[in-house]
Amino acid sequence: MEKIRNNAKFLKKILEKKGISIFAITKLVLGDPRIAKTIVDADIEYIGDSRINNIIKMREAGIKAKFILIRNPAVSEIKQVIKFTDMSLNSELKVIRMLSEEAKRQNKQHCIILMLEMGDLREGIMPDKLDSIFKETLKLEGVELLGIGTNLKCFAGVIPDDTNMMEFSNIAENIQNQFGIKLKFISGGNSANYNWVMSSKNIGIINNLRLGTAILMGLESIKDSPIAELEQDIFTLVGEIIQLDKKPKTPKGKFKTNAFGEPSIFKNKKIRGKGFRTQALLNIGRQDILETGLVPIADIQILGASSDYLIIDVKNNKFKVGDKIKFNMSYESVLRAMTSPFIEKRYVNE
Ligand SMILES: *Cc1c(COP(=O)(O)O)cnc(C)c1O
């Protein structure tokens, strides 16, 4: 928890110098209220999450922040979005109209950030439609247009660079001039924008980033490389050995695919062999993690996972049944572990 707080503090300080505000994104941790509190304690004002239920959970836990729904609202959740969030990222005019209607009904003012498609082909208005949607959103009651944003490196994998970021910044500047207004948020992207923001000589009028990975894992998200000033290995997964035995290095009988229809790992000749290996089963599986995203701290080898077991070669370690085995985790493994009801969450150095 201390590492998360330090990361949030550092990012706030260094980005403030560049005129950039932060929306801290908590979707990786299922909107965990204790983690959200830690981030708010680092003086971050805005919390964003992709799931309305996570936002409701944090609000009900008394987290004092402004909440932003960062996934485009679904028609079926409009009521909750108006009731429980302060702002949402949007790219469907139809939905924005419904947000306006519902905000009037609930006697609320809901803030809107219009998302712009800049090449990654996920959420976002095509640039040629921005003018008309911008114009209509400005006119709607119950909603306030507070900014425009874009998101790269999530679907197609497009990398933020001077070209696409300046193009985005110019579009933002033009639309501000055209309508004679100044937007509060020109939200340039996510943790994949970190290196660009820190190294670019000109970040245009971009004044906001939405950061999850950087705060919670200390990584920029182009290559998942560590940000030098930040702390990494914040999440540790602990599994327990529930079976430990010497087993043959080669399966008996014909083998083809595993429980998930993937080729058996024993098709790999390096895994197969003569003799025996000491093999352990741990009480975690694909329902809880992605085994390819686990990095064991001890010198062991992960052989694979089914829904409920993780199968490891313990190599030369002297383990026994009941021993706890620790792993560092990739983004995707943390996402699943935090989502799994079977993984007990323990908070250290809160
Ligand atoms: C997940 C997400 C983010 C945060 O991404 P990180 O790379 O984890 O910082 C920002 N914006 C949107 C729209 C997202 O969906």
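We count ligands from 1, going down the list as the structure has it; atoms in each ligand are counted the same way.
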Give the residue and atom name of whichever protein heavy atom lies nearest to [atom], and the separation in Å to one decimal.
atom	answer
atom 11 (N) of ligand 1	Arg210 NE, 2.9 Å
atom 6 (P) of ligand 1	Thr213 OG1, 3.4 Å
atom 1 (C) of ligand 1	Lys27 NZ, 1.3 Å
atom 5 (O) of ligand 1	Asn190 CB, 3.3 Å
atom 13 (C) of ligand 1	Glu123 OE2, 3.2 Å
atom 12 (C) of ligand 1	Asn151 OD1, 3.5 Å

Look at [X] together with [Y] and state whether they make a salt bridge at an N to O cut-off of under 4.0 Å.
X	Y	value
Asp41	Lys37	yes
Lys249	Asp313	no
Glu262	Arg286	yes
Arg97	Glu136	yes
Lys12	Glu16	yes
Lys104	Glu101	yes

Exercise for the section: Before signing off on this row, confirm whether Ser221 and ligand 1 have an N or O atom pair separated by under 3.5 Å. Expected result: yes
Exercise for the section: Look only at interatomic distance and state if Ile25 has a nitrogen or oxygen under 3.5 Å from any nitrogen or oxygen of ligand 1. Expected result: no
Problem - Distance filter under 4.0 Å to Ile70 heavy atoms, resulting ligand 1 atoms - result: 2 (C), 12 (C), 13 (C), 14 (C), 15 (O)
Exercise for the section: Enumerate the atoms of ligand 1 whose separation from the nearest heavy atom of Leu211 is less than 4.0 angstrom. Expected result: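 This gives 9 (O) as the contact atoms.
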Problem - Cluster link Ile222 to Met165, ILVMFWY, side chain under 4.5 Å - result: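 No, Ile222 and Met165 fall in different hydrophobic clusters.
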Exercise for the section: Answer yes or no for Arg122: is there a heavy-atom contact with ligand 1 below 4.0 Å? Expected result: yes
Exercise for the section: Compute the minimum heavy-atom distance from Lys153 to ligand 1 and say whether it is under 4.0 Å. Expected result: no
Exercise for the section: For the pair Phe185 and Tyr46, name the ring-plane relationship: parallel under 30°, tilted 30 to 60°, perpendicular over 60°. Expected result: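 Rings of Phe185 and Tyr46: perpendicular, over 60°.
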Handout entry: Location of contacts on Ser191 toward ligand 1, heavy atoms closer than 4.0 Å
Key =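 Under 4.0 Å from ligand 1, Ser191 contributes backbone and side-chain atoms.
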Exercise for the section: Would you kindly specify which portion of Met115 sits under 4.0 Å from ligand 1, judged on non-hydrogen atoms: side chain, backbone, both or neither? Expected result: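 Near ligand 1, Met115 shows nothing, with every heavy atom at 4.0 Å or more.
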Practice task
Look up atom CG in Asn90 and atom CD1 in Ile113, then write down how far apart they are to the nearest 0.5 Å.
Solution key: 9.5 Å
